[in-house]
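These numbers come from the heavy atoms of this one structure, side chains and all, not from hydrogens, waters or symmetry mates. Whatever order the structure lists ligands and atoms in, that order sets their numbers, starting from 1. Residue numbers run from 1 in the order of the sequence given. Since the model is a prediction, treat every value here as computed from it, not as a measurement.
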Amino acid sequence: MIYNGIDFDTYFKHYPDANGFFGKYGGAYVSDDLKKAMEEITEAYFTICKSSKFISELRRIRKEFQGRPTPISYLERLSGKLGNVQLYVKREDLNHTGAHKLNHCMGEALLAKFMGKKKVIAETGAGQHGVALATAAAYFGLECDIYMGSVDIKKQAPNVARMKILGANVIEVTHGLATLKEAVDAAFDAYIKDYKNCIYCIGSVLGPHPFPMMVRDFQSVIGIEAREQFLQLTGELPDAVVACVGGGSNAMGIFSGFLNDPVEIYGVEPLGKGPTLGDHAASLKYGTEGIMHGFNSIMLKDANGEPAPVYSVASGLDYPSSGPEHAFLHDLGRIKYDVVNDDETIDAFFTLSRLEGIIPAIESSHAVAYAMKLAKEMGKGSILINLSGRGDKDMDYVIEHYGIR
Ligand SMILES: *Cc1c(COP(=O)(O)O)cnc(C)c1O
């Protein structure tokens, strides 16, 4: 399918290009030291991509350890309530550890193993990425250093406990505001000092090349499975596919399966408390082009052009930018990006729980909320929602701040 001059039949061959660009977005804006490390990872990745041993090992792990394929569920009662549109969810909440993040963490850790590395390093904010990576490290017998701001360590006690139980070292970062940004800096510093022995594992389709490509490829299992399952279940493709976008990995995962189809695709960003800068994290809707954390994309900036403070009720979505491929597909118009606010999200959280017996992560509830609005607009047809994770981690927070609705 050709869309605005881009041939999606051959899209994955050409995007990103050899330097990691999706049009003008992406690249690797890093120091020379780090550039060398990135090139080493890129080369290793292209080698293992062609290795039947690597591919069959990853396939085995997905089946035997992660519990894939995850099913698609038809939302009978919710669909009935909204009219004539049929809603379906791809159940990444049923992936081991309860979210999609393990899909790329297992891939990255397997790559580390193939490269002969001893250790994986990452930062974490809310702790979800840290837990997924700690799980992968335990599985492969790798050391795991997770950098985390002291403010987040206090807020996210259960995830800190999980990481420690899984054998990871949680390294407290105390400088500056002691949250995600400082943790990223500390993790990168540690990595540059020891890149021969370890590999940095990014938590989304972000960062310098090759990470946006690699994480997309590892997550594309969602879209590949979903397309086949949906066809089998209904005999047709969905009319629309919806996913929430923080950094954008679960979204790129499912979207990649439908880019070449006559399917409307919607990425949903968090509008938080409203459109004022600082109250949301809707970078593609309100941001402008800029470079941060080693890549060029669309980002929210403060008055000095630095990454702006962001907010969302979903801690997995409050990042001031999105992956470069999203910025590219946004400008191209192939994917439509829209927003839902905190309140609509919490409503969707309860609605899906009550009507379908599925408690969604607050991140995923953004996609559900948008699909509910879209269903009313569409009037007929079908929508496939990527349910990126389960909501167990969010229950205490929701009850404390919103009560039972
Ligand atoms: C981390 C997380 C997200 C956001 O990350 P993306 O890279 O945008 O997918 C979404 N849903 C859940 C459940 C998460 O844990």
Side-chain angles (χ1 to χ4, degrees), residues 70 89-105 107-108 122-135 152 156 158-159 162 180 201-207 211-212 214-223 241-256 266-270 281-284 293 295 297 310 312-327 329-330 335 337 339-340 345 348-349 352 358-370 385-395 397-398:
T70 58
V89 279
K90 173 66 171 164
R91 302 290 306 278
E92 289 306 295
D93 60 318
L94 296 178
N95 196 33
H96 179 44
T97 71
H100 71 288
K101 283 195 177 75
L102 195 66
N103 296 334
H104 66 252
C105 285
E108 287 176 322
E123 80 293 334
T124 196
Q128 296 300 107
H129 176 51
V131 169
L133 190 59
T135 302
D152 291 328
Q156 308 291 342
N159 276 343
R162 277 186 195 103
L180 182 62
C201 293
I202 279 185
S204 188
V205 284
L206 301 169
F211 286 106
M214 220 163 69
V215 172
R216 171 197 72 192
D217 292 353
F218 288 138
Q219 288 294 348
S220 67
V221 66
I222 303 175
V241 174
V242 179
C244 66
V245 178
S249 66
N250 88 87
M252 270 329 300
I254 194 158
F255 294 169
S256 63
Y266 299 90
V268 186
E269 297 193 294
S283 50
L284 293 163
H293 296 157
F295 64 103
S297 187
V310 286
S312 163
V313 65
S315 51
L317 301 182
D318 62 357
Y319 185 71
S321 183
S322 292
E325 190 166 14
H326 284 289
L329 294 165
H330 168 272
I335 297 176
Y337 293 87
V339 294
V340 297
T345 298
F349 173 90
L352 193 72
I358 300 169
I359 303 176
I362 304 184
E363 290 82 3
S364 325
S365 302
H366 283 75
V368 177
Y370 190 76
I385 305 161
N386 196 28
L387 203 77
S388 54
R390 67 178 182 224
D392 304 48
K393 67 183 178 61
D394 300 315
M395 292 186 301
Y397 180 90
V398 170

- Query: Would you say L317 and ligand 1 have an N/O pair spaced under 3.5 Å apart?
  - Reply: no

- Task: May I ask which of A126, G323, P270, G316 has a heavy atom nearer to atom 5 (O) of ligand 1 than the others do?
- Result: G316

- For ligand 1, which atoms, with element, lie under 4.0 Å from some heavy atom of A361? 13 (C)

- Minimum-distance pair of heavy atoms, taken over all atoms of G207 and I202: CA-CD1, 3.8 Å

- Side-chain (H129) to main-chain (G125) donor-acceptor, under 3.5 angstrom: no

- Contact check: G247 vs ligand 1, nitrogen or oxygen atoms, below 3.5 angstrom: yes

- Message: Using a plain distance cutoff, I'd like to know if E363 has any nitrogen or oxygen under 3.5 Å from a nitrogen or oxygen of ligand 1.
- Response: no

- Cut-off 3.5 Å, side chains only: do K101 and S249 have a donor facing an acceptor? no

- Roughly how far, to the nearest 0.5 Å, is the OG1 atom of T70 from the NE2 atom of H96? 14.5 Å

- Task: Pick, from H100, H104, Q128, K101, the option with the minimum heavy-atom distance to atom 1 (C) of ligand 1.
- Result: K101

- Which of the atoms of ligand 1 are close to G248, meaning less than 4.0 Å from one of its heavy atoms? 6 (P), 7 (O), 8 (O)

- Message: Please report whether ligand 1 has a polar contact with S364, defined as an N or O pair separated by less than 3.5 Å (distance criterion only).
- Response: no

- Would you mind checking which non-hydrogen protein atom is closest to atom 6 (P) of ligand 1, with the distance to 0.1 Å? S249 N, 3.3 Å

- Would you find a donor on one side and an acceptor on the other, under 3.5 Å apart, between the side chain of N159 and the backbone of A126? yes

- Flag the pair Y266 / Y337 as yes when their ring centroid distance falls below 6.0 Å, and as no otherwise. no

- How about S388 and E92: does a side-chain donor come under 3.5 Å of a side-chain acceptor? no

- With heavy atoms under 4.0 Å as the rule, classify the contact between H129 and ligand 1 as side chain, backbone, both or neither. neither

- Task: Check ligand 1 against G389 and write out every atom of the ligand that is under 4.0 Å from a heavy-atom position of the residue.
- Result: 13 (C)

- Item | Exam field: side chain H326 to backbone G248, donor-acceptor pair closer than 3.5 Å | yes

- Closest non-hydrogen contact found for I222 with H100 is CD1-CB, 4.0 Å

- Item | Option whose closest heavy atom lies nearest to atom 12 (C) of ligand 1, chosen from G391, S388, S312 | S388

- Please determine if V245 has a nitrogen or oxygen closer than 3.5 Å to a nitrogen or oxygen of ligand 1. no

- Item | Ligand-residue contact atoms, ligand 1 with G246, heavy atoms, under 4.0 Å | 8 (O)

